[in-house]
Amino acid sequence: MSEQQLILNDTFWKFLVSIEELKEKKEKTLFCSTLGIDDETLKAFMEFLHRFEIMCDADSDYIYPLKIKCQIKMEFSLCEWLAMQSMFKEIIHHNECKQYYQKIIENKMQLALRANERFNLFKKPLDKSMKPSDFENLKKKIDYDICFRHSIKINFFNSRECVIYPHRLVYLDGVLCVIGESTNDKILVYFSLEDIKSVEEFQIPYEPNLSQIEVNDFIGHLRIINGKEERLILKVYSQYQAELLPSYHFLGNPFVTSNTEGDMIWAATVEMGDDIFHWLYSMKERIEVLDPGHVRKDFAHYCELKAENSKMKKVS
């Protein structure tokens, strides 16, 4: 395999991710079978790392964690950071089939954007006619109508309108949405709050046809389409000081148990996004991300970026 073929090979990049995340020795046959490679390909991948003086050790039975893990850090001025985002615009905002190394960069850029959301070049602003306080009031109004089982008339910024029976406020594809039952079609629909100008109580009573179970199934199907679901598993050291129900997030198949040390183990299927990282960061002293491995790694980097960002603010 030539170097050019190796660099364009998705399996090579999956090997790099796997070897960097390896914490203890692993049976070589299991390691190779997980990646779908043979001993000869593994040897070629390992030899390629030698050119960077990164020694990857393996014997006839086991492959071992890297003794030296390389961390490369860069600092950007505002101009350089915005230019970097512009350069990688296609990778960040287009979901067509990508090669694995592009997905690695996309993941890293998204992580940096979460930690520095103030300087996100492509962050979708609220409509200019809606102030942040108006957005908060809109959330409270819809929450109130959900609680008291009111049908609502929604007025959109594009002058459209519709009437729904609201079931839930929830994040979908990173955007806060209201899910409701159309009073005309008797089907579930959803709308981004960013597109809503105002809501008002609809005076004609409406009896909903769809149950909360059907609403949950609807959310689950939408999240599968968006492809951002993860089975998040946390170790909770202080359950009484940790807020384990993130606002406006749907938790699929939640589960709680305890390990032998008495720590709480919390698990749920969530839609990963900025708000989940904010929520985890608010409990960083009281929780540990156990799984998935890439989320644990991303959250550690997120905390580092937040700490560096805080230092820069203090200096300025």
Side-chain angles (χ1 to χ4, degrees), residues 92-97 110 122-232 245-255 268-276 278-279:
I92 296 171
H93 294 280
H94 289 77
N95 293 321
E96 64 269 13
C97 184
Q110 293 289 4
F122 304 107
K123 184 176 182 180
K124 182 180 177 182
L126 292 176
D127 188 282
K128 290 182 179 179
S129 59
M130 177 177 281
K131 301 174 183 177
S133 58
D134 293 336
F135 188 79
E136 289 301 315
N137 289 335
L138 180 62
K139 281 198 302 186
K140 290 177 183 177
K141 175 69 172 73
I142 296 175
D143 266 334
Y144 175 86
D145 290 321
I146 291 172
C147 180
F148 288 94
R149 301 170 62 85
H150 295 157
S151 297
I152 57 173
K153 179 182 176 183
I154 299 177
N155 303 299
F156 297 94
F157 284 110
N158 62 8
S159 300
R160 288 175 53 240
E161 59 183 42
C162 73
V163 177
I164 67 169
Y165 178 90
H167 281 283
R168 187 155 188 177
L169 278 175
V170 66
Y171 279 99
L172 292 171
D173 203 16
V175 178
L176 188 60
C177 299
V178 56
I179 296 177
E181 189 175 323
S182 169
T183 57
N184 288 330
D185 303 325
K186 319 296 184 188
I187 61 172
L188 288 172
V189 293
Y190 70 100
F191 305 104
S192 165
L193 263 63
E194 294 174 359
D195 297 326
I196 297 174
K197 183 178 181 180
S198 64
V199 297
E200 55 191 89
E201 185 181 341
F202 194 64
Q203 297 302 321
I204 300 175
Y206 177 81
E207 192 65 31
N209 293 290
L210 301 171
S211 69
Q212 195 60 50
I213 293 175
E214 290 166 305
V215 174
N216 291 346
D217 287 342
F218 180 74
I219 296 171
H221 291 146
L222 288 172
R223 296 207 313 194
I224 290 171
I225 293 170
N226 294 337
K228 294 184 177 180
E229 275 199 330
E230 296 280 4
R231 186 66 179 171
L232 184 64
L245 294 173
S247 299
Y248 305 118
H249 276 277
F250 173 67
L251 304 181
N253 299 317
F255 177 77
T269 302
V270 301
E271 180 187 287
M272 292 305 300
D274 296 356
D275 206 65
I276 287 292
H278 296 330
W279 169 62

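- A 4.5 Å side-chain heavy-atom check between Asp275 and Leu176 finds every atom pair outside the cut-off.
- Under the 4.5 Å side-chain criterion, counting only non-hydrogen atoms from C-beta, Ile219 is not in contact with Glu271.
- Proximity of Tyr248 to Asp143: side-chain heavy atoms (C-beta onward) are separated by under 4.5 Å at one or more points.
- For Val163, the side chain to side chain contact (heavy atoms under 4.5 Å, CB included) partners at least two apart in sequence or on another chain are Lys153, Thr183, Phe202.
- Using a 4.0 Å cut-off between a side-chain N of Lys or Arg and a carboxylate O of Asp or Glu, Arg223 and Glu229 qualify as a salt bridge.
- Asn155 and Glu200 share a donor-acceptor pair across their side chains, judged by distance under 3.5 Å alone.
- Across Leu222, Asp217, Leu210, a single residue satisfies side-chain contact (heavy atoms from CB on, under 4.5 Å) together with Leu188, and that is Leu210.
- Here the side chains of Pro246 and Tyr171 are not in contact, with every heavy-atom distance at 4.5 Å or above.
- Here CG of Leu193 is found 4.5 Å from CG of Leu138. Values are rounded to the nearest 0.5 Å.
- In terms of heavy atoms, Val175 sits closest to Ser192 at CG1-OG, 3.1 Å.
- With rounding to the nearest 0.5 angstrom, the CD1 atom of Ile154 is 9.5 Å from the CZ atom of Arg160.
- At most 12 non-hydrogen atoms from other residues, nucleotides or ligands lie less than 6.0 angstrom from OH of Tyr190.
- For Ile213, the CD1 atom is loosely surrounded, since the number of other residues' heavy atoms within 6.0 Å does not exceed 12.
- With hydrogens and angles disregarded, a donor-acceptor distance shorter than 3.5 Å links the side chain of Arg231 to the backbone of Gly252.
- Looking at Trp279 and His249, their side chains never come closer than 4.5 Å, going by heavy atoms from C-beta outward.
- Between Asn209 atom CG and Glu181 atom CD the span is 5.0 Å, to the nearest 0.5 Å.
- The aromatic rings of Tyr165 and His167 sit perpendicular, their planes meeting at an angle over 60°, well past the 30° parallel limit.
- Here the shortest heavy-atom pairing between Pro166 and Val178 reads CB-CG2, 4.2 Å.
- To the nearest 0.5 angstrom, Ser159 atom OG is 7.0 Å from Lys197 atom NZ.
- Taking 4.5 Å as the limit, some side-chain heavy atom of Phe135 sits within range of a side-chain heavy atom of Glu194.
- For the pair Tyr144 and Glu201, the minimum side-chain heavy-atom distance is 4.5 Å or more.
- Here CG of Asp195 is found 7.5 Å from CG of Asn158. Values are rounded to the nearest 0.5 Å.
- Here the OG-CD distance, from Ser198 to Glu161, works out to 9.5 Å after rounding to the nearest 0.5 Å.
- Within the 4.5 Å cutoff, side-chain heavy atoms of Ile196 are placed close to those of Phe156.
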